[in-house]
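Input: a single structure, listed below in C-alpha cells.
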Amino acid sequence: MASAAASTAAVPTLAPPLEQIHQLAVELRLLLPGVRVGEARETTKEFNPETFWRRLNAAAVNVSREATTLTEVFSRVPLPSPQETQRFCEQVRAAITAIIAVYYSLPKDQGITLRKLVRNATLDIVDGMAQLVDVLFITPAHSPENSDLISYNSVWTACQQVPRIPRDNKAAALSMLTKSVDFVKDAHEEMEQAVEECDPYCGLLNDTEDNSDNHGNEEDDGLGCPNNRDLYWSEEDQELIIPCLALVRASKACLKKIRISVAENGKKDQVAQLDDIVDISDEISPSVDDLALSIYPPMCHLTVRINSAKLVSVLKKALEITKASHVTPQPEDSWIPLLINAIDHCMNRIKELTQNELELFRW
C-alpha cells in the first residue's frame, strides 16, 4: 500500500482545462520576441528551396488544423478533461514550434527581404494562435461573443497567407516595393483631396461647427471657409503646398521607376543589392507621411522645410543606390537625372517660400 501511495504521489496533478490553455497563451506570447530577433540556424546542409517551402506550407496547414481542433473542443460543453486538455495543448505547442523551426532554417544568403516576409508570416501565425487561445479562455463556450471572435480570428488567415509568400528575394523585393508605391500613392491622393476641397480635415469638423454655434458669428473668408487659421490654410500655406505635392509626386515616380528596374533587370542571385534597394526604399513612405502631416494646419513652414529636406535626402540616396546596382545596367540612364532635377526644383521652391520664416527664426 505504501508503494501504491508513493506511486500516486509521484503523478503530478494537472491544472484545470481553462488554466492550462491560459498558460498556453502565455507561453505562445513569450515565443514572439525570440522570433523577431532570431537568427538563421547554422547548418552544413545545402539549402533546398523546394524542401523549405514544402515544409513551411505543411507546417502552416498543421497549425491551422490544430487551431480548428482546439476551437471545436473548447467551444462546447462539457470541456475536455485535464488529461485531454494537456494533449491538445502539447499538439499546439508542437505545431507552433515546428513552424518556427522551419523559419529558422531559411539562411540569410537567401535574402534579408525574403527572411523578413517569412518572419512576419511566422509572427502572425504565432500571435494569431495566442489570440485564439485567449478567446477560448476568456469567453464562455457557446456564447455569441465566442463564435464572433473565433470566426474573425487571425490564425487561419495567417496560415492561408503562407502559400502566397514570394519564393525568392527578387520576388520579395518587388512585393515590398509595390507596397511602398501604394502607400505613397495613398498619401498623395489624400493630400490632393484635402487641397481640392479646401478642407484639410475633409469635413471632420463640420458637425462640431454646426453644433457649437448656429448664430452665424463667424465670418467667412474669400474661399468660403471659416476664418480660423488653426483649421484652414492661409494663402502662404496654400502656395507652399504646391511644391510639397510635386515632391510627393516625384517620390511616387521614383518608387515606380525603381520597381520597374528591379522587375526588368533584377537578378535573383544579387540578394545583397536587392536588399539595399528595398531598405532605402522603405524609408520613402514614412518620410512622405511626415511631410504630409506637416502641411496640415496650423502649418509650421520651418517644419515643412525640414521634412521636405529629409524626404529629398532619402530620395537621392535611393536613386544613388539604384544607380550603382545591377538593376541599372546603364548608370547614365536618363530617368535618374531627370528625377533628381525634379526633386531639386521642388526643394528649391520650398526653400524660397520658407526663407523668411527661417531668417526670423535665426533672429
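The figures that follow rest on heavy atoms only: side chains count, while hydrogens, waters and symmetry mates do not.
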Hey, what do you get for [atom1] ([X]) to [atom2] ([Y]), rounding to the nearest 0.5 Å?
{"X": "Gln330", "Y": "Asn265", "atom1": "CD", "atom2": "CG", "result": "9.5 Å"}
{"X": "Lys267", "Y": "Lys170", "atom1": "NZ", "atom2": "NZ", "result": "10.5 Å"}
{"X": "Ile242", "Y": "Asp237", "atom1": "CD1", "atom2": "CG", "result": "11.5 Å"}
{"X": "Leu274", "Y": "Ser325", "atom1": "CG", "atom2": "OG", "result": "7.5 Å"}
{"X": "Asp275", "Y": "Gln270", "atom1": "CG", "atom2": "CD", "result": "11.0 Å"}
{"X": "Lys310", "Y": "Glu283", "atom1": "NZ", "atom2": "CD", "result": "12.0 Å"}

_With a 4.0 Å cut-off on N to O distance, would you call Lys252 and Asp186 a salt bridge?_
no
Does the [X] side chain pair with the main chain of [Y], one donor and one acceptor, at a distance under 3.5 Å?
{"X": "Ser180", "Y": "Met176", "value": "yes"}
{"X": "Ser281", "Y": "Ile277", "value": "yes"}
{"X": "Ser154", "Y": "Thr157", "value": "no"}
{"X": "Asn169", "Y": "Leu114", "value": "yes"}
{"X": "Thr122", "Y": "Tyr103", "value": "no"}
{"X": "Asn348", "Y": "Asp344", "value": "yes"}
{"X": "Ser313", "Y": "Ala309", "value": "no"}
{"X": "Arg76", "Y": "Glu72", "value": "yes"}
{"X": "Arg115", "Y": "Leu106", "value": "yes"}
{"X": "Arg167", "Y": "Ile165", "value": "yes"}

N/O donor to acceptor pairs below 3.5 angstrom from side-chain atoms of residues 63-70, sequence neighbours left out:
unit_1: Arg65; atom_1: NH2; unit_2: Asn62; atom_2: OD1; d: 2.9
unit_1: Glu66; atom_1: OE1; unit_2: Gln91; atom_2: NE2; d: 3.1
unit_1: Thr68; atom_1: OG1; unit_2: Ser64; atom_2: O; d: 3.0
unit_1: Thr68; atom_1: OG1; unit_2: Trp156; atom_2: NE1; d: 3.0
unit_1: Thr69; atom_1: OG1; unit_2: Arg65; atom_2: O; d: 3.1

*Is the shortest heavy-atom distance from the side chain of Val271 to the side chain of Gln110 under 4.5 Å?*
no
*Would you indicate whether the side-chain heavy atoms of Met347 and Ser308 approach each other to under 4.5 Å?*
yes
_Going by the rule side chain to side chain contact (heavy atoms under 4.5 Å, CB included), which residues pair with Glu352 if we only count those two or more places apart in sequence or in a different chain?_
Arg349
Provide the closest heavy-atom pair for [X] versus [Y] in the form atom of the first, atom of the second, distance.
{"X": "Ser285", "Y": "Val184", "value": "CA-CG2, 3.9 Å"}
{"X": "Leu247", "Y": "Cys346", "value": "N-SG, 3.7 Å"}
{"X": "Cys89", "Y": "Leu24", "value": "SG-CD2, 3.9 Å"}
{"X": "Ala15", "Y": "Pro82", "value": "O-CB, 3.7 Å"}
{"X": "Ser261", "Y": "Trp335", "value": "OG-CZ2, 3.5 Å"}

*Apart from Val26 itself, residues in the same hydrophobic cluster as defined by side-chain heavy atoms under 4.5 Å*: Leu30
_Is there a salt bridge (charged side-chain N to carboxylate O under 4.0 Å, His left out) between Asp279 and Lys116? Walk through the geometry before answering._
CA-CA 11 Å; Asp279 282 345; Lys116 284 181 180 178; 3.5 Å; yes
_Test item: side-chain donor near acceptor, His22 and Asp134, under 3.5 Å_ = no
_No-hydrogen, no-angle side-chain donor-acceptor test under 3.5 Å, Asp290 and Ser287_ = no
Tell me whether the count of non-hydrogen atoms from other residues, nucleotides or ligands lying under 6.0 Å of [atom1] in [X] goes above 12.
{"X": "Phe183", "atom1": "CZ", "result": "no"}
{"X": "Glu50", "atom1": "CD", "result": "no"}
{"X": "His326", "atom1": "NE2", "result": "yes"}

